[in-house]
Amino acid sequence: MDYATLKLIWWALIGVLLIGFALTDGFDMGAAILLPFIGKNDAERRIVVNTVGATWEGNQVWFVTAGGAMFAAWPLAYAASFSGFYFAMLLVLFALFFRPVGFDYRSKREDPRWRNAWDWGLFVGGFVPALVFGVAFGNLLQGVPFSFDTDLRVTYHGGFFGLLNPFALLCGLVSVSMLAAHGAAFVKMKTDGVIAQRASRALRIASLSGVVLFLVAGALVATMIGGYQIVDAPPLDAVANPLLKTVIGAPGLWLTNYSLFPWMVIAPVAGLAGGVLAVLLARSRFEKSAFLSTGLMIIGVILTAGFSMFPFIMPSSLDGRSSLTMWDSTSSRLTLEIMLIAVIIFLPLILLYTSWVYRVMRGKVTSAALKENHHSMY
């Protein structure tokens, strides 16, 4: 297999890992975001917590795996992103601390204030990462202020608060909305009665918000947000050096790929269709279909960002040559080959194991089940 094909395969694989993370850990975060609002008392909130209690730890493996794959496959992008997004990543890490302790400690005491505090801790652990991930994509679409010197040493020229610009925050709200919708669909599928009704209402609101915000973000990308395009570059199988290419930037350039590859339009169409279907199915008895619809929305939105930026991974707003692409920021051919063999062996096993876990844990969480398993459930 030639080097260029390996680079393309790893671009696709990392996309699969990110989508897998958003689809699985996404409904955990969404349920945590909605926890203080669709659970009005301790019993109801315990039910919501236990809808994701059996699987949330396993779902986080997708996040860890995606981070490890990016480190191994795209070392330059990993180094540059940690330079630019260091404090944002620390914010995500500290917010995620609330999840394990929130799940494990919440029910250790009967004190309502204790449990309420951990409920809001779980909310933070879901809301902050969802927001920051969207903000990160918003900044990638605009370009990140970093550059490489002739020795390929990266320098970041921005600050944390510069990441919180209006367009990036808009993308953050898109992320929060679609994960909240995904979480609401999962809670609706796993509960009944008044909790399912509130989840249905939250699903309708979050899905509609996600569709509207996605359309607004798309309009801004098409008209105002500067995109990037490679106008001159070395051969695809050349030694990775980002400074050997020429890049231009201008509003609307992120739409170029949709002209070159018309089939890519399926991504934004899927994102919008999934959100609209989720709104229409929110009040219906087709709970699984609603959940699949929010999953379709997530896949469509992530693919839209990936297809728009292709082949860019991390464009530079300061020095176009320093922009990192899937062609010039990858590891060696041998590294990509060894990792591909590992993926071919272990990814099917992970998918089979995950499917088995969800099959075993299927069914609704009820107050009767909590009473029967008072000491074994969260």
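In what follows, residues are counted from 1 in the order of the sequence shown. Keep in mind it's a predicted model, so treat the numbers as computed, not measured.
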So that I know where these two stand, are Phe133 and Phe137 an aromatic pair - ring centroids less than 6.0 Å apart?
no
Polar side-chain atom of Tyr228 near backbone of Gln142 as donor-acceptor pair, under 3.5 Å:
yes
Using 30° and 60° as the class boundaries, would you call the ring planes of Phe148 and Phe146 parallel, tilted or perpendicular?
perpendicular
What is the minimum heavy-atom distance between Gly226 and Trp254, and which atoms define it?
O-NE1, 3.6 Å
Whether Asp328 and Lys7 form a salt bridge (side-chain N of Lys/Arg under 4.0 Å from carboxylate O of Asp/Glu) is what I want to check.
no
CA sep, side-chain torsions, deciding dist, call: Val61, Thr24, side-chain contact (heavy atoms from CB on, under 4.5 Å)
CA-CA 10 Å; Val61 171; Thr24 54; over 6 Å; no
For Leu281 against Lys188, the heavy-atom pair lying closest together
O-CE, 4.4 Å
With rounding to the nearest 0.5 Å, note down the distance linking CD1 in Ile313 to OG1 in Thr325.
6.5 Å
Side chain proximity check, Leu13 to Met339, heavy atoms < 4.5 angstrom:
no
Residues Asp25, Arg99; criterion side-chain contact (heavy atoms from CB on, under 4.5 Å); working and verdict
CA-CA 12 Å; Asp25 213 26; Arg99 302 187 73 194; 3.1 Å; yes
Distance, nearest 0.5 Å, that separates CG of Leu163 from CZ of Phe161
10.0 Å
Report yes or no: do Ile345 and Trp10 belong to one cluster of Ile/Leu/Val/Met/Phe/Trp/Tyr joined by side chain heavy-atom distances under 4.5 Å?
no
Euclidean distance, Phe82 CZ relative to Leu90 CG, rounded to 0.5 Å
8.5 Å
Hey, are the side chains of Leu336 and Ile9 touching, using non-hydrogen atoms and a 4.5 Å cut-off?
no
Restricting to non-hydrogen atoms, name the atom on Ile33 and the atom on Phe127 that form the minimum distance, rounded to 0.1 Å.
CG1-N, 3.6 Å
For the residue pair Phe286 and Leu280, establish whether any side-chain heavy-atom pair is separated by less than 4.5 Å.
no
Answer yes or no: is there a donor N or O on one side and an acceptor on the other, between the side chain of Lys364 and the main chain of Thr191, under 3.5 Å?
yes
Hydrophobic clusters here meaning ILVMFWY residues chained together by side-chain heavy-atom distances under 4.5 Å, can you tell me if Ile302 and Leu292 are in one?
no
Going by heavy atoms in the side chains, are Arg106 and Asp42 under 4.5 Å from each other?
yes
Which heavy atom of Ala88 sits nearest to which heavy atom of Val132, and what is that distance?
O-CG1, 3.9 Å
Is it true that, when you exclude Phe97 itself, more than 12 heavy atoms of the residues, nucleotides or ligands shown sit nearer than 6.0 Å to its CZ?
yes
Go through the steps for Tyr105 and Trp114 under the test side-chain contact (heavy atoms from CB on, under 4.5 Å), then give the verdict.
CA-CA 9 Å; Tyr105 290 166; Trp114 169 269; 4.1 Å; yes
Shortest non-hydrogen contact from Ser323 toward Ser316
OG-N, 2.8 Å
4.5 Å side-chain heavy-atom contact, Phe85 and Leu91
no
Flag, side chain of Asp151 to backbone of Arg153, donor-acceptor distance under 3.5 Å
no
For the aromatic rings, using the six-membered ring if either is Trp, is the centroid distance between Phe27 and Phe291 under 6.0 Å?
yes
With Val154, which of Ser83, Ser147, Ser81 fulfils side chain to side chain contact (heavy atoms under 4.5 Å, CB included)?
Ser83
Give a yes or no on whether Val92 and Phe87 share a hydrophobic cluster (residues Ile, Leu, Val, Met, Phe, Trp, Tyr; joining criterion: side-chain heavy atoms under 4.5 Å apart).
yes
Roughly how far, to the nearest 0.5 Å, is OG1 of Thr150 from CG of Leu243?
8.0 Å
Quick one: do Tyr258 and Ser308 satisfy side-chain hydrogen bond (donor to acceptor under 3.5 Å, both in side chains)? Show the steps, please.
CA-CA 8 Å; Tyr258 296 101; Ser308 298; 2.9 Å; yes
Between Asn50 and Gly53, is there a donor-acceptor pair closer than 3.5 Å when you use the side chain of the first and the backbone of the second?
no
Has Tyr358 got more than 12 heavy atoms of other residues, nucleotides or ligands less than 6.0 Å from its OH?
yes
Kindly say whether Trp56 contributes a backbone atom to a donor-acceptor pair with the side chain of Gln60 at under 3.5 angstrom?
no
Enclosure of Phe71 CZ (heavy-atom neighbours >12, cutoff 6.0 Å)
no
Starting at CG of Leu140, measure out to CZ of Phe312 and round the result to the nearest 0.5 Å.
12.0 Å
I'd like to know if Val64 and Val16 are part of one continuous hydrophobic network [Ile/Leu/Val/Met/Phe/Trp/Tyr, side-chain heavy atoms within less than 4.5 Å].
no
Taking the side chain as every heavy atom from C-beta outward, state whether Leu324 and Trp74 have any pair of such atoms under 4.5 Å apart.
no
Quick check: does any side chain N or O of Arg115 sit under 3.5 Å from a backbone N or O of Arg109, one acting as donor and the other as acceptor?
yes
side-chain contact (heavy atoms from CB on, under 4.5 Å), that's the test. Do Val187 and Ile38 meet it? Break it down for me.
CA-CA 10 Å; Val187 172; Ile38 60 178; 3.9 Å; yes
Is it the case that the side chain of Trp118 and the backbone of Asp104 share a donor-acceptor pair, with hydrogens and angles ignored and the cut-off at 3.5 Å?
no
Distance col, row Asn257:CG vs Thr304:OG1, nearest 0.5 angstrom, shows 12.0 Å
Identify whether Phe214 and Leu203 are in the same connected component of the hydrophobic contact network (ILVMFWY, side-chain heavy atoms under 4.5 Å).
no
Can you check whether Tyr78 reaches Ser329 side chain to side chain, under 4.5 Å on heavy atoms?
no
Ser177 side chain vs Leu173 backbone, donor-acceptor pair below 3.5 Å:
yes
Non-hydrogen side-chain atoms of Val52 and Lys190 separated by less than 4.5 Å
no
Taking all non-hydrogen atoms of both residues into account, name the closest pair between Gly126 and Ala32 and its distance.
CA-CB, 4.3 Å
Would you say the ring centroid of Phe310 lies under 6.0 angstrom from that of Phe307?
no
Between the main-chain N or O of Leu131 and the side-chain N or O of Ser175, is there a donor-acceptor pair closer than 3.5 Å?
no
For Gly162, is there any backbone N or O sitting under 3.5 Å from a side-chain donor or acceptor partner on Asn165?
yes
